[in-house]
A.B. asks: 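So that we are looking at the same thing, I have put the structure below in structure tokens.
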Amino acid sequence: MFCFKNFRQRLNLRYISSLVQSKAYINGKWVKAENNEVFEIINPANGSVVGSVPNMSVNDASQAVQAAKKAFESSQWSMFTAKERSSLLKKWYCLIEENADEISSIMTAESGKPLNEARGEVAYGNAFIEWFGEEARRIYGEIIPSSTKDRELIVLKEPLGVAALITPWNFPMAMITRKAGAALAAGCTIVIKPAEDTPLTALALVKLAEQAGFPAGVINIVTTNKAPPIGDLFCKSPDVEGISFTGSTEVGKLLFRNSSDGIKRISLELGGNAPFIVFNSANLDKAVDAAVSCKFRNCGQTCISANRFFLQQEVHDGFIDLLKQRVESLKVGDGSKPGIQIGPLINSMQFNKVSAYVEDARLKNANIILGGKPLKNLGNLFYSPTIITDVPTNAKLYTEEVFGPVVSIMKFNTEEEVIHAANNSRRGLAGYFFSENIQQVFRVAKLLEVGMVGVNEALISAAEAPFGGVKESGIGREGCHHGIDEYVEIKYICMGNLRY
Ligand code: SIN
């Protein structure tokens, strides 16, 4: 998409001095919390305060829902033509692109993600706005051939109404745009509730949406560190038609349960426990490259991060030697500094969890061959990139998602054995395997019980591809043309007694 970016840069035009906001946005206005409460956002790399935002209550959130409802019902948004919705999304896309550097810096400051990765996330996140800006014009209905002569059977796709989007801290931008792009393209109005650790990136995006010209009430954002009652409001309010959540399986189940009374449309992108299988025929260099980029993306804090590495007997030792060399050379530190590849964990809860899982494996006689300890010299939330072999199946590193920079390795003999082990989990988000055997490639891709499979590839996310899991990893798909389905109702119109 052409955005006049370079042209504007040459003229040195700046529309916005800073995107760091300290208020939330409801009904087209930047507002405080009703009780004036605020909370601080902390840089996980050094503990400094990055900013503060309103600590909103259920009442504030309820006003956001009412604003979104009014904007939807007054037909301000759902009756915009598809081309008009598409144009606004494209304007938003261009503004994000123009401000990519500042958004990346904000993201690094509040999430600890290295700057290069933050830049990557801005490009990835913005690809959803571009994609859904294009898809907005292709939400086609159908005419179904009738079995009687005097009827026409017409199918329309209509926007749900108000959608509440509850998003996580690990991808502070992309998890918002993947939902918001689809919802807005479909004609829904939205209330965003970003994670309490990373609201500044979200507010920056909304500032740019305001500048793009979305009408008041179409996009609202509520910041809070009191998520449970606001989640409950979204589940119970008859004015919210759809909920989309990315986060833990536990919270996803709660939202699912609580919204069942209202028979709400719900889309859940939850945790995984991704297998990463290296078969004897694999190209080991490719497999090791992929293992490093998949495992250490965002310090391992990614739902589709490889969690259990299964290495076939013949390649087990060779893979570990190569991997160890690569992991030893990773640069850990404050992500705003040049060359840093691994930042801190997001907060002390996450840090304690990673430390406890490694200790649990140590106690169960796993073999820590690299790392396995905090890096206190760098700060309170840094953990050393870690490799552990012979992880037993009762270790937490095996049964749960570690969400940290830890490679847990197991050895296997046969394809049958590893497929059984990989599928022996209630999570089924992503799975990866490396094999140069074409027969095995098709067989294993079909046998893995996951929503997304990477074959000889581990960076699989793309705006045009469907993202989502099976089993307890979620419901629904995001991105791709399927992402729109989460925000539309199908209406059937039967035109009867027609005379031709
Ligand atoms: C996630 O961690 O859920 C998002 C990862 C991605 O979109 O690639």
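Note that these values count all heavy atoms, side chains included, but never hydrogens, waters or copies made by symmetry. This structure is a prediction, so every number in the text was calculated from the model and none was measured. Both ligands and their constituent atoms are indexed starting at 1 by order of listing.
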A.B. asks: With a 4.0 Å heavy-atom cut-off, what residues sit around ligand 1?
C.D. replies: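 Close residues (ligand 1, cut-off 4.0 Å): Tyr124, Asn170, Phe171, Met175, Arg178, Arg297, Thr302, Cys303, Ile304, Ser461, Phe467.
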A.B. asks: Using a 3.5 Å distance criterion without hydrogens, assess whether the side chain of Thr302 forms a donor-acceptor pair with backbone atoms of Ile304.
C.D. replies: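 No, Thr302 side chain to Ile304 backbone: no donor-acceptor pair under 3.5 Å.
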A.B. asks: One thing to verify: whether Lys286 and Glu457 come together as a salt bridge, which I'm taking to mean a side-chain N less than 4.0 angstrom from a carboxylate O.
C.D. replies: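 So Glu457 does not pair with Lys286 through a salt bridge.
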A.B. asks: Say whether, by atom type as modelled, one donor and one acceptor occur between the side chain of Lys396 and the main chain of Ala356 under 3.5 angstrom.
C.D. replies: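 Not confirmed, Lys396 side chain does not pair with Ala356 backbone.
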A.B. asks: Decide side chain to side chain donor-acceptor pair (under 3.5 Å) for Asn456 and Asn283; before the verdict, give the C-alpha distance in whole Å, the side-chain angles of both, and the deciding distance to 0.1 Å.
C.D. replies: CA-CA 8 Å; Asn456 297 323; Asn283 175 321; over 6 Å; no
A.B. asks: So, Ser293 side chain and Asp289 main chain: donor-acceptor pair closer than 3.5 Å or not?
C.D. replies: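 A pair under 3.5 Å: yes.
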A.B. asks: Is it the case that the side chain of Asn352 and the backbone of Ser348 share a donor-acceptor pair, with hydrogens and angles ignored and the cut-off at 3.5 Å?
C.D. replies: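 Judged by distance alone, yes, a pair lies under 3.5 Å.
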